[in-house]
Amino acid sequence: MKKLPLKIAVLVSGRGSNLQAIIDAIERGEIYGKIEVVITNKNDAYALERAKRHNIEGIYVDPSVCKSKGDYDRAIINILENKKVELICLAGFMRILTPYLVNKFKGRIMNIHPSLIPSFPGLDAQKKALEYGVKVAGATVHFVDEGVDSGPIILQSAVHVSDKDTIETLSERILKEEHKIYPQAIKLFAEDRLIVKGRRVFIP
Ligand code: GRF
């Protein structure tokens with residue numbers, strides 16, 4: 001029996017350029033998947049506009065009506081389970097998931113981070129890279145574990161840092177790589193080609 005398209009949820013908080021890259025890769029037929037829902041914690045996230053334009057359901061889960069982080073994540077889990085989501089993609093989602101949510105979807109949550117992990121996890125990665133003086137920066141797609149940007153690495157892409165770089169120019173160059181490797185990682189997941197052994201992800 002033919003496999004059905006991978007059911008994907010994308011969690012966003014802002015402009016949604018990575019969401020757009022994923023939508024475009026699906027529409028080009030590169031990923032055998034379907035975005036069932038886009039979930040946000042910000043009702044003015046531009047990502048919601050992008051979802052709407054492609055007839056993808058966007059749901060705002062308002063943090064202020066949830067008493068705790070646990071309640072918030074349970075609200076998200078309800079949506080994910082209703083939609084039978086198989087892969088959760090964090091794409092600029094500015095909240096840390098509770099261990100409960102992470103463990104419920106273990107091995108089925110990915111994140112994109114604008115640095116070569118394990119360098120510069122957390123906020124302002126591009127600024128930290130410039131200030132540190134690295135000559136090579138980049139982007140990482142990784143599985144999500146209970147830590148911050150710490151799960152097994154799926155794909156990375158490097159860019160050179162030039163003397164002329166500012167946070168903006170470096171961020172822009174890294175973002176271009178993000179838009180390539182995030183859809184690639186999702187494609188590999190949809191094809192069951194990501195084998196996780198401890199910290200290492202093998203791609204047969
Ligand atoms: C990206 O730089 C991503 O690596 C980071 O947040 C940013 C989101 O950008 N996690 P966008 O909303 O996908 O444009």
Side-chain angles (χ1 to χ4, degrees), residues 8-28 30-31 33 35 37-54 56 58-61 63 76 87-97 101-102 105 109-132 134 136-161 165-187 189 201:
I8 302 167
V10 185
L11 273 56
V12 295
S13 299
R15 75 190 155 183
S17 70
N18 279 287
L19 166 67
Q20 189 68 56
I22 299 164
I23 293 172
D24 293 346
I26 291 173
E27 289 187 353
R28 286 196 301 267
E30 288 167 16
I31 298 171
I35 301 178
V37 64
V38 169
I39 300 174
T40 185
N41 63 329
K42 300 272 179 200
N43 61 356
D44 59 352
Y46 184 64
L48 285 176
E49 290 296 314
R50 297 182 191 267
K52 205 168 157 191
R53 252 188 259 149
H54 293 266
I56 298 167
I59 301 181
Y60 166 51
V61 182
I76 291 186
L87 176 68
I88 303 165
C89 296
L90 308 183
F93 186 59
M94 302 303 282
R95 283 180 70 95
I96 294 171
L97 305 182
L101 172 47
V102 170
F105 288 86
I109 312 176
M110 284 183 188
N111 182 41
I112 179 87
H113 184 72
S115 81
L116 294 175
I117 289 294
S119 294
F120 316 119
L123 293 175
D124 299 325
Q126 304 95 327
K127 181 168 181 270
K128 287 180 196 156
L130 260 192
E131 285 175 357
Y132 198 91
V134 295
V136 178
T140 301
V141 185
H142 63 90
F143 282 114
V144 172
D145 64 9
E146 291 180 23
V148 175
D149 303 320
S150 56
I153 291 167
I154 302 167
L155 293 176
Q156 294 188 302
S157 183
V159 303
H160 286 286
V161 180
D165 266 323
T166 60
I167 298 171
E168 290 71 32
T169 59
L170 181 61
S171 302
E172 202 178 306
R173 199 151 356 99
I174 292 173
L175 193 63
K176 279 196 186 136
E177 298 309 304
E178 295 182 31
H179 296 164
K180 289 181 205 156
I181 62 174
Y182 211 177
Q184 267 172 26
I186 297 167
K187 174 185 165 69
F189 185 94
V201 179

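Just so you know, these numbers come straight off a predicted model, no measurement behind them. Both ligands and their constituent atoms are indexed starting at 1 by order of listing.
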Sub-4.0 Å heavy-atom environment of ligand 1, residues by chain: Arg15, Gly16, Ser17, Asn18, Gly92, Ile112, His113, Pro114, Glu178

Donor-acceptor pair, side chain of Arg173 and main chain of Val159, under 3.5 angstrom: no

Partner residues of Ala51 under the side chain to side chain contact (heavy atoms under 4.5 Å, CB included) criterion, sequence neighbours left out: Val38, Ile56

Heavy-atom side-chain proximity of Ser119 to Val134 below 4.5 angstrom: no

Interatomic distance, Tyr182 atom OH to Leu155 atom CG [nearest 0.5 angstrom]: 11.0 Å

Ion pair check, Glu131 and Lys128, cut-off under 4.0 Å: no

Side chains of Gln20 and His179, donor plus acceptor under 3.5 Å: no

